[in-house]
J.: 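Provided herewith is a single structure, encoded as structure tokens, for subsequent inquiry.
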Amino acid sequence: MQLNSPQYQAVTAPESNLLVIAGAGSGKTRVLVERMAYLMRDQGLSPHALMAVTFTNKAAREMRERLEETLGRSLHAMWVGTFHGLAHRFLRSHWRDAGLIEQFLILDSDDQQRMMKRIIADLQLDDAKFKPRAVAGFVNGCKDEGQRPHHLQTGRDYYNDTLIRLYAEYEARCNAQNLVDFGELLLRTFETLKNKSELLRHYKDRFSYLLIDEFQDTNTIQYAWIRLLAGTKTRVMAVGDDDQSIYAWRGARIENIHRYESDFAPVTTIRLEQNYRSTDVILKAANAVIANNTGRLGKELWTEQSEGTPIQLYAAFNEQDEARFVANRMSQHVDHGGLYGEQAILYRSNAQSRVLEDALLRAGIPYRIYGGQRFYERLEIKNALMYLRLIQNRFDDTAFERIINVPPRGIGERTVEQMRQTARDEGKGLWDSALQLTRGDGLSGRAKTAVVAFVDLINDLDRKATDLELSDLARDVIDATGLLAYHGSEKGERGQARVDNLNELVSACRAFEPEDEESSVLLQFLSQASLDAGETQADPDADAVQLMTLHSAKGLEFPQVFLVGAEEELFPHVMSLDSAGGLEEERRLAYVGITRAMQHLIVTYAETRRLNGRDHFGLLSRFIREIPADCIEEVRLESQISRPFVSSSFGARPVDRPHRHPRFQDYDDGFGEQTGLGIGSRVDHGLFGEGTVLAFEGSGPQMKVQVRFDDGSKKWLVLQYAKLVPLG
DNA sequence: CGTGGTTTACATTAG
DNA sequence: GTAAACCACG
């Protein structure tokens, strides 16, 4: 396919910094790849002189593959990756300049919170006032902004001062334990480049071109990084779309796009607004939704494609019904000659995947889940990894604490506390403290034996580690530590699942290909496990439907997309409702979701959904209500006419509804008015007492209503006879 | 003192 | 629904 005019302009632009405002589906990745190919092929730049940054591993992989395909050569040594991946690569090569120890490991957010919790306890602070999660968030926020504890202003109030104190203590412990968290990867890289002028010069000389994808998602420190590296000689191509900025919650600064135009002046700005992905209906819907946001750079996607089929909207009873509906439709697509792989289910939060998975399994549909409970974050895998970490780095107290008594080996809280005390008194790590305690007589006989056994276990494994294949070491670890037996004995299917996962870990070790010969394979594997979610577990070539969050769907496209859980409080998520900014970010997420679809978009929502163990009565998401009525078609299943009471979902909030859907309006004025009842209404029944309306069925005089009474019983009642009295 | 069973608090999005 | 916190027991 030929490049269109702005695409061609972007690919072949002469020496100047570029800003490409690229709408969804406008061929952005293609432009990036073609631009790189152009620079190498026509301008004679070496792959060595380019650096390309993306935000997800998936996107980085795809970019590298497409580039290799275009150029017909391997680009192994080229710097293509995520900010975090490249920072990690930098720190591995320059650990000395960065003030690190060669063996440093990466601390993920789970470990980070664990450590913070420990610190809060050690400093005898109230963990209700200083929630580990929130404090970790504070630290991450500071690092995103490039702030160390000493940059922060103290003396304002106790809370703030304590946060800073916690940050400082956290930093001290990370250093002592040779651990680097995600934010630290970026900040440390930035500081090292800034402070070591010869290093900076080296990289500035090396790179003559920087390409940054998803520029709207860069945070302060990433932006500073680019500025530093670019200097005056290096050219930069920034590609982004302000309407797809969905990472403000982790420090992304949408303003970076605006700042770029002045900081990197002169900048040539190119807009890609022609969409090659979606049908006209889908684009119309997306444009209408995003138009409700304020302060946009302004951009309207258009296409030459035909209108296409309307967006379908299905109102499900509950999440099971929703999942079944989706599974059915997916099967139908395949029955009609389509592929599983052409379809994706997108949801707001990972927790939604469970029910969907269930339905797909039942329907015999092959699927693949991205993200979510990441492979390397599963409890049993984490345990195994922690053993490997301790073998690699004896200073890793976080790993030590996690596995010291997993599986139970007779080292209880009391003994561990003794180790912590010794560690504090002597200013050393838990491992050294344990060693010291086994030599003295501070421990009881039983505890001492157990600690000695643990120390020997780790040392033995370490000794063997040097001449074992990684996978054999992993096998050894899960066997010798008793982890496999321990998790295997967990009751129910869970035990088997955990054993399977542990075996899967051994396979992952076997399949692992180290990048370089320099550092140990174990070290490389552990780093990769922290940076990569382990999404490669399933066979990527298999024809399977894909499940993922809206966030991880960015940059992807599918002929048929199911956008599920389109309910208020789920999407937009409750947590984002209290701020205008939060809501607009959710809307951009909706925009991202809608624009993933090429041919067919199917939106579903559930009238009842179990959320956090409670029944939740959802209203249709405002984002779907913002779609023009003529783009949407409601789906009704022939077999059941289940929802005469759309009023409960559509009509309850007439406010902020820019586009009122005529059909929805009908329902408002229909049955809802007559009975005054809707899903979730409280009612009183003469015999059964008070209850909550769960569902309706049928219409007219035959209409039945399902009520769950407060004694827990559920009953279907014919409305006409039941004499329900609405309450409240 | 350590272990196992039981209760209770807690829940986005991601590298 | 899960994992940490809690509590009674050996």
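Naming: A, B, ... by sequence-line order, numbering from 1 per chain. Here the structure is a predicted model, which means the values were calculated and not measured.
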J.: Rounding to a whole Å, what distance do you find between A:Leu443:CG and B:dC1:P?
T.: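 One finds 12 Å between P of B:dC1 and CG of A:Leu443, rounded.
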J.: Given atom NZ of A:Lys131 and atom P of C:dA3, what is their separation to the nearest angstrom?
T.: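 Value for this atom pair: 20 Å.
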J.: Would you mind checking if A:Asp111 and A:Lys382 are paired as a salt bridge, meaning a charged N to carboxylate O distance below 4.0 Å?
T.: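 A:Asp111 and A:Lys382: salt-bridged.
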J.: Report the residues that fulfil salt bridge (charged side-chain N to carboxylate O under 4.0 Å, His left out) with A:Glu65, sequence neighbours left out, ordered by chain and then residue number.
T.: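 Testing A:Glu65 for salt bridge (charged side-chain N to carboxylate O under 4.0 Å, His left out), a comparison that skips the adjacent residues, returns none.
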J.: So, A:Trp249 and B:dT13: ring centres less than 5.5 Å apart, planes less than 30° off, yes or no?
T.: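 Check passed, A:Trp249 stacks on base of B:dT13.
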J.: Are any protein N/O atoms closer than 3.5 Å to N/O atoms in nucleotides 2-9 of chain B? If there are, list each pair with its distance.
T.:
from, atom 1, to, atom 2, distance (Å)
B:dG2, OP1, A:Thr415, OG1, 2.6
B:dG2, OP2, A:Arg414, N, 3.4
B:dT3, OP1, A:Gly410, N, 2.6
B:dT3, OP2, A:Asn405, ND2, 3.0

J.: With a 4.0 Å cut-off on heavy atoms, is A:Tyr247 in touch with a base, just the backbone sugar-phosphate, or nothing at all?
T.: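 Sugar-phosphate, no base atom in range.
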J.: Of the candidate nucleotides B:dT12, B:dA14, C:dT2, which contains the atom at the shortest distance from the side chain of A:Ser552?
T.: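 It is B:dA14.
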J.: What contact category does A:Thr56 fall into here, base, sugar-phosphate, or nothing, at under 4.0 angstrom with non-hydrogen atoms?
T.: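 Counting heavy atoms under 4.0 Å across all strands, the contact made by A:Thr56 is with sugar-phosphate only.
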J.: Nearest whole Å is fine: how far is B:dA11 C1' from A:Gln113 CD?
T.: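 Answer to the nearest Å: 12 Å.
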J.: Base, sugar-phosphate, or nothing: which does A:Lys554 touch, judged by heavy atoms less than 4.0 Å apart?
T.: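 Contact class for A:Lys554: none.
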J.: Is the aromatic ring centre of A:His551 closer than 5.5 Å to the centre of the six-membered base ring of B:dT13, with the two planes inclined by less than 30°?
T.: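 Answer is no, no stack.
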J.: What is the distance from CG of A:Leu186 to C1' of B:dG15, rounded to the nearest Å?
T.: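 Spelled out: CG on A:Leu186 to C1' on B:dG15 is 9 Å.
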J.: Scan side-chain atoms only and decide if A:Asp500 and A:Gln496 contain a donor-acceptor pair under the 3.5 Å cut-off.
T.: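 The answer is yes; a qualifying pair exists.
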J.: Is the shortest side-chain N/O distance from A:Asn57 to OP1 or OP2 of B:dG15 below 4.0 Å?
T.: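 Indeed not, no polar side-chain atom of A:Asn57 lies that close.
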J.: How long is the line joining NE2 of A:His84 and P of B:dA14, in whole Å?
T.: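 Roughly 13 Å, once rounded to whole Å.
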J.: Extract all donor-acceptor atom pairs below 3.5 Å that involve side chains of residues 83-90 of chain A and protein atoms in other chains or at least two apart in sequence.
T.:
from, atom 1, to, atom 2, distance (Å)
A:His88, NE2, A:Arg92, NE, 3.1
A:His88, NE2, A:Ser527, OG, 3.4
A:Arg89, NH2, A:Ala77, O, 3.1

J.: Give the rounded distance in Å between these two atoms: CZ of A:Arg250 and P of B:dG15.
T.: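 Checked: the CZ to P distance equals 7 Å.
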J.: If you round to the nearest 0.5 Å, how far is OG of A:Ser576 from CD of A:Glu585?
T.: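 Answer rounded to 0.5 Å: 8.5 Å.
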J.: Over how many whole Å does the gap from A:Arg118 atom CZ to C:dA4 atom P extend?
T.: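 Going from A:Arg118 (CZ) to C:dA4 (P), I get 13 Å.
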J.: Is the shortest side-chain N to carboxylate O distance from A:Asp358 to A:Arg362 below 4.0 Å?
T.: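 So A:Asp358 pairs with A:Arg362 through a salt bridge.
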J.: Taking the side chain of A:Thr82 as heavy atoms from C-beta outward, which of C:dA5, B:dT13, B:dG15 is closest to it?
T.: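 When the side chain of A:Thr82 is considered, B:dG15 is the closest of C:dA5, B:dT13, B:dG15.
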J.: Less than 4.5 Å apart, side chain to side chain, heavy atoms only: is that true for A:Trp95 and A:Gln103?
T.: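 A:Trp95 vs A:Gln103: side chains apart.
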J.: Let me know, please, whether A:Arg494 or A:Lys117 comes out on the 5' side of the other along DNA chain C by nearest nucleotide.
T.: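 By nearest-heavy-atom nucleotide position, the 5'-most residue is A:Arg494.
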J.: Between C1' on B:dT12 and CG on A:Leu346, what's the gap in Å once rounded to a whole number?
T.: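 For the pair A:Leu346 CG and B:dT12 C1', the rounded distance is 16 Å.
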J.: Strictly below 4.0 Å, N to O, side chains only: are A:Lys117 and A:Asp127 in salt-bridge contact?
T.: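 No salt bridge links A:Lys117 with A:Asp127.
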J.: Taking only the side-chain nitrogens and oxygens of A:Arg354, find out if one of them lies under 4.0 Å from OP1 or OP2 of C:dT2.
T.: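 Checking A:Arg354 against C:dT2: at least one side-chain N or O falls below 4.0 Å of OP1 or OP2.
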J.: Would you say the side chain of A:Arg348 and the base of B:dT13 hold a donor-acceptor pair, judged only by whether the two atoms sit under 3.5 Å apart?
T.: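 For A:Arg348, whose side chain was compared with the base of B:dT13, there is a donor-acceptor pair (under 3.5 Å).
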J.: Whether A:Asn219 contacts B:dG15 is assessed here as follows: a side-chain N or O lying under 4.0 Å from the phosphate OP1 or OP2. Is that the case?
T.: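 No, no such contact exists.
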J.: C:dA4, B:dT12, B:dG15: which one has an atom nearest the side-chain heavy atoms of A:Phe182?
T.: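 Nearest to the side-chain atoms of A:Phe182, counting from C-beta on, is B:dG15.
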